[in-house]
Q: 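Got a structure for you, written out below as structure tokens; questions coming shortly.
The first residue of the sequence shown is numbered 1, and numbering continues consecutively from there. Note: hydrogens, waters and symmetry copies are ignored here, and every other heavy atom, side chains too, is used.
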Amino acid sequence: MAATGDVSLVFPDGSERVFPPGTTGADVAQSISKSLAKKAVAIALDGTLRDLADPVEDGAIEIVTREDPRALELIRHDAAHVMAEAVQELWPGTQVTIGPVIDNGFFYDFAKNEPFTPEDLPVIEKKMAEIIKRNARFEKEVWPREKAREVFAGMGERYKVELVDAIPEGEDVKIYRQGDWFDLCRGPHMVSTGQVGNAFKLTKVAGAYWRGDSDNEMLSRIYGTAWASQDQLDAYLHMIEEAEKRDHRRLGREMDLFHFQEEGPGTVFWHAKGWRIFQTVVAYMRRRLEGVYEEVNAPQVLVSDLWETSGHWGWYKENMFGVRSADPDVEDQRTFALKPMNCPGHVQIFKHGLKSYRDLPIRLAEFGVVHRYEPSGALHGLMRVRAFTQDDAHVFCTEEQLEAEILKINDLMMSVYADFGFDQVEVKLATRPDKRVGTDAMWDHAEDILKTSLQRMAAEDDRITAGINEGEGTFYGPKFEYTLKDAIGREWQVGTTQVDFNLPERFGAFYIDSDSEKKRPVMVHRAICGSMERFLGIVLESYAGHLPLWLAPVQAVVATITSEADPYAEELAAALREAGLHVETDLRNEKINYKVREHSLAKVPVILVCGRREAEERTVSMRRLGSRDQSTLDFDAVVESLSDEATPPDLRRRRQAKARAAA
């Protein structure tokens, strides 16, 4: 029987043990086995990571070793502190500001007279290795707020003083010490600097404003990454190298697809080849919607009153562009907005004319251009823009139809992703945020339906991994977030399915039910690609520009070895164009190897080489992008083969279905 004050701990196997007051995580690990105590770096108490030296309280406990995936955050946190100590040893007088863990790594911002350069990074890494080898223990100290302020002020660390000043009076401050060096920190940390290991790398330097405010001074930021093993670090660095090669902005230049310029920040200047890819994807999506959705088009500019009714003006105004006449003397002085979303316009279309329950579900789709303000520092090629096209749709249905509609949407989305080469999809349920509209009962109902649907989707399709994104729903409803994994393992959130009981109510949308009464429809917001621009950027990077033939803007180039083959090359190109391919000819007086290299850099999938012999024999030498091999085919075989290969996957399925039906 436990004495008063004893601590009761539940272990992962369900067993329960009692420990005396003051027992630390290290004591618990030691009580299990010496080997576990030696490997332990932290504890998880009721799921929250804590220092191994912390006293434990009643709850569920886990001993966390360095091999535990949860330790990775600690490794990176500790590496950041080691880096900061190394910088101050190398450049005394440098001030340390903040250094959080981020995705795949960490950074620290420093106040230094001269900013860091890439050449400084190997020097800092060497000093970090020395500090790790010292294996100093991490020790937590709790100071009164005023003591912390006095100590950091005495050290000339004015940024730390500002951080301490932001802490409420009377509240104590946590300090973590590693040898003689210490910093303001919430923790937790591992046991010692030696547990960071040597699988770390400083990756880049950058400028950063203090606290992210452009009105503040510019600091010097160092980014780094750290992993549990050298193999993991090597794999990550290889992925980063691959990502740089695959950067869609670089591919956009090499393939002559698009560009950006300051006169239109965050808006895409599509070149002919890029626009061809864009329209190919739109045409594909339109075919996938045939017979299921009705395509509509709502106005680009709508008066602000409508956005006030929808809630966007109050909840989303900082991301919207206001519009007024450029002439202050015009009659209409109302404020309008460029639409950031298509949904309010679709509600107006639904409301136009009386709807019966027999008409439902009504599915409205639009390839609508929307505008959303993004800070200039957040803009990033096609991935983060201010103007983009959504493959948007809204389904108006009864509550009884809701789950079936969600499952139909999921089937369509999974099929589309597979056609673009994505076969691993994580679907996360984003639940209610703190700031939201609607009643708790309404949210409970919507979330319950989505939870049930997600369980069924994951059970029936092994390509789907289910997850929860707590508090990340939109202000008007919970949603599914579809995340794709690309060719080098990066994850991209693209499509969404959102259940909305609120917008129909705010706009007074209704249908006539079977009992002749007015009833609110449920509104399902659905986007598959999401931003078409961003989706194309993801596709470009996943394929490294080596697009499948049906997507490629130039599907083949017919290049000649000698001018004598020019007429034959033109004839072949004409036949391929007649078969529906986008084909160019290269009849320049250049060596064939030069031509092949140039078109390979432009990521043309197929290069067809014609010389005197090919013209005489009516054959062609075919080279594939990324391969040094070549094959020789006759004229008709090349046309037939490439025509078949260039058929979009949805049309190929239709053709195969017709063939099966005919058989």
Q: With a 4.0 Å cut-off, would you call R654 and E290 a salt bridge?
A: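 A salt bridge is present here (some side-chain N lies under 4.0 Å from a carboxylate O).
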Q: Around atom CD of E294, are there more than 12 heavy atoms from other residues, nucleotides or ligands closer than 6.0 Å?
A: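 No.
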Q: ring-ring contact (aromatic ring centres under 6.0 Å, His included) with F535: which of F420, Y482, W492?
A: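 The single option meeting the ring-ring contact (aromatic ring centres under 6.0 Å, His included) with F535 is F420.
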Q: Answer yes or no: are there more than 12 heavy-atom neighbours, outside D103 itself, under 6.0 Å from its atom CG?
A: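 Count not over threshold, so no.
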Q: Please assess L382 against V268 for the test side chain to side chain contact (heavy atoms under 4.5 Å, CB included), listing each intermediate value before the final yes or no.
A: CA-CA 7 Å; L382 298 177; V268 188; 3.7 Å; yes
Q: I need the M457 CE to I406 CD1 distance, nearest 0.5 Å.
A: 8.5 Å
Q: Does the structure place the NZ or CZ of K485 under 6.0 Å from the centre of the six-membered ring of F422, at an angle of no more than 45° from the ring's axis?
A: no
Q: According to the interplanar angle, ranging from 0 to 90°, do the rings of W270 and F258 count as parallel (below 30°), tilted (30 to 60°) or perpendicular (above 60°)?
A: perpendicular
Q: Do T465 and E426 have a side chain donor and acceptor closer than 3.5 Å?
A: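 Per modelled atom types, T465 and E426 side chains form no pair under 3.5 Å.
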Q: Show your reasoning for whether salt bridge (charged side-chain N to carboxylate O under 4.0 Å, His left out) applies to E405 and K408.
A: CA-CA 5 Å; E405 288 301 307; K408 285 177 186 174; 3.6 Å; yes
Q: Determine whether the side chains of H394 and E366 contain a donor N or O and an acceptor N or O closer than 3.5 Å.
A: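 There is no such pair (donor and acceptor under 3.5 Å, judged by atom type) between the side chains of H394 and E366.
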Q: For the pair E374 and R386, evaluate salt bridge (charged side-chain N to carboxylate O under 4.0 Å, His left out) and give the outcome as yes or no after the intermediate values.
A: CA-CA 6 Å; E374 296 280 359; R386 290 179 176 172; over 6 Å; no
Q: Is there a donor in the side chain of E16 and an acceptor in the side chain of S8, or the other way round, less than 3.5 Å apart?
A: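 Distance-only check passes for E16 and S8.
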Q: With salt bridge (charged side-chain N to carboxylate O under 4.0 Å, His left out) as the test, would you mind laying out the steps for D213 and R211 before giving the verdict?
A: CA-CA 6 Å; D213 188 338; R211 291 190 155 177; over 6 Å; no
Q: Is it possible for you to check whether R652 lies under 6.0 Å from the centre of the six-membered ring of W550, through NZ or CZ, and within 45° of that ring's axis?
A: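 No.
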Q: Kindly write out the residues that satisfy side-chain hydrogen bond (donor to acceptor under 3.5 Å, both in side chains) with R456, not counting sequence neighbours, or none if the list is empty.
A: E460
Q: Which label fits F321 and H371: parallel for a plane angle under 30°, tilted from 30 to 60°, or perpendicular past 60°?
A: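 Perpendicular.
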Q: If we ignore angles and hydrogens, is there a donor and acceptor under 3.5 Å between the side chains of T309 and W307?
A: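 Checked: T309/W307 side chains show no N/O donor-acceptor pair below 3.5 Å.
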Q: Determine, for E62 against R70, whether the closest basic-nitrogen to carboxylate-oxygen distance falls under 4.0 angstrom.
A: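 Salt bridge between E62 and R70, a charged N being under 4.0 Å from a carboxylate O: yes.
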Q: Give a yes or no on this: more than 12 heavy atoms of other residues, nucleotides or ligands lie within 6.0 Å of atom CG of D462.
A: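 No, CG of D462 has 12 or fewer neighbouring heavy atoms, counting only those of other groups under 6.0 Å.
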Q: Examine the side chains of S415 and R288 and answer whether a donor and an acceptor come within less than 3.5 Å of each other.
A: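 R288 and S415 do have a side-chain donor-acceptor pair below 3.5 Å.
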Q: Give the C-alpha distance, both sets of side-chain angles, the deciding distance and a yes or no for side chain to side chain contact (heavy atoms under 4.5 Å, CB included) between Y357 and I512.
A: CA-CA 6 Å; Y357 72 96; I512 303 300; over 6 Å; no
Q: Consider only side-chain N and O atoms of D500 and H525, and report whether a donor and an acceptor are under 3.5 Å apart.
A: yes
Q: Hey, are D13 and S15 close enough side-chain-wise for a donor-acceptor pair under 3.5 Å?
A: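 Looking only at side-chain atoms, D13 and S15 do form a donor-acceptor pair, the distance falling under 3.5 Å.
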Q: Which side chain to side chain donor-acceptor pair (under 3.5 Å) pairs, counting each pair once, include a residue from residues 501-518, with sequence neighbours left out?
A: none
Q: For the backbone of T65 and the side chain of D68, can you confirm whether one donor and one acceptor N or O come within less than 3.5 Å of each other?
A: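 Looks like no, no N/O pair under 3.5 Å.
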Q: Can you confirm whether the side chains of D423 and Y417 place a donor and an acceptor under 3.5 Å from each other?
A: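 No, because no side-chain N or O of D423 sits under 3.5 Å from a partner of the opposite role on Y417.
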Q: Would you say H238 has more than 12 foreign heavy atoms packed within less than 6.0 Å of its NE2?
A: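 Check fails, neighbour count at 12 or below.
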Q: Look at the aromatic rings of H189 and H77 and report parallel, tilted or perpendicular, splitting at 30° and 60°.
A: tilted
Q: Quick one: do D440 and R436 satisfy salt bridge (charged side-chain N to carboxylate O under 4.0 Å, His left out)? Show the steps, please.
A: CA-CA 10 Å; D440 285 345; R436 59 183 183 268; 3.1 Å; yes
Q: Salt bridge or not for K245 and E242, using N-O below 4.0 Å?
A: yes
Q: Do the charged groups of R655 and D644 touch, with an N to O distance under 4.0 Å?
A: yes
Q: Taking only Lys NZ, Arg NE, NH1 and NH2, and the carboxylate oxygens of Asp or Glu, determine whether K317 and E308 approach each other closer than 4.0 Å.
A: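 Salt bridge between K317 and E308, a charged N being under 4.0 Å from a carboxylate O: no.
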Q: Is any NZ, NE, NH1 or NH2 atom of the basic residue among E470 and R432 found under 4.0 Å from an Asp or Glu carboxylate oxygen of the other?
A: no
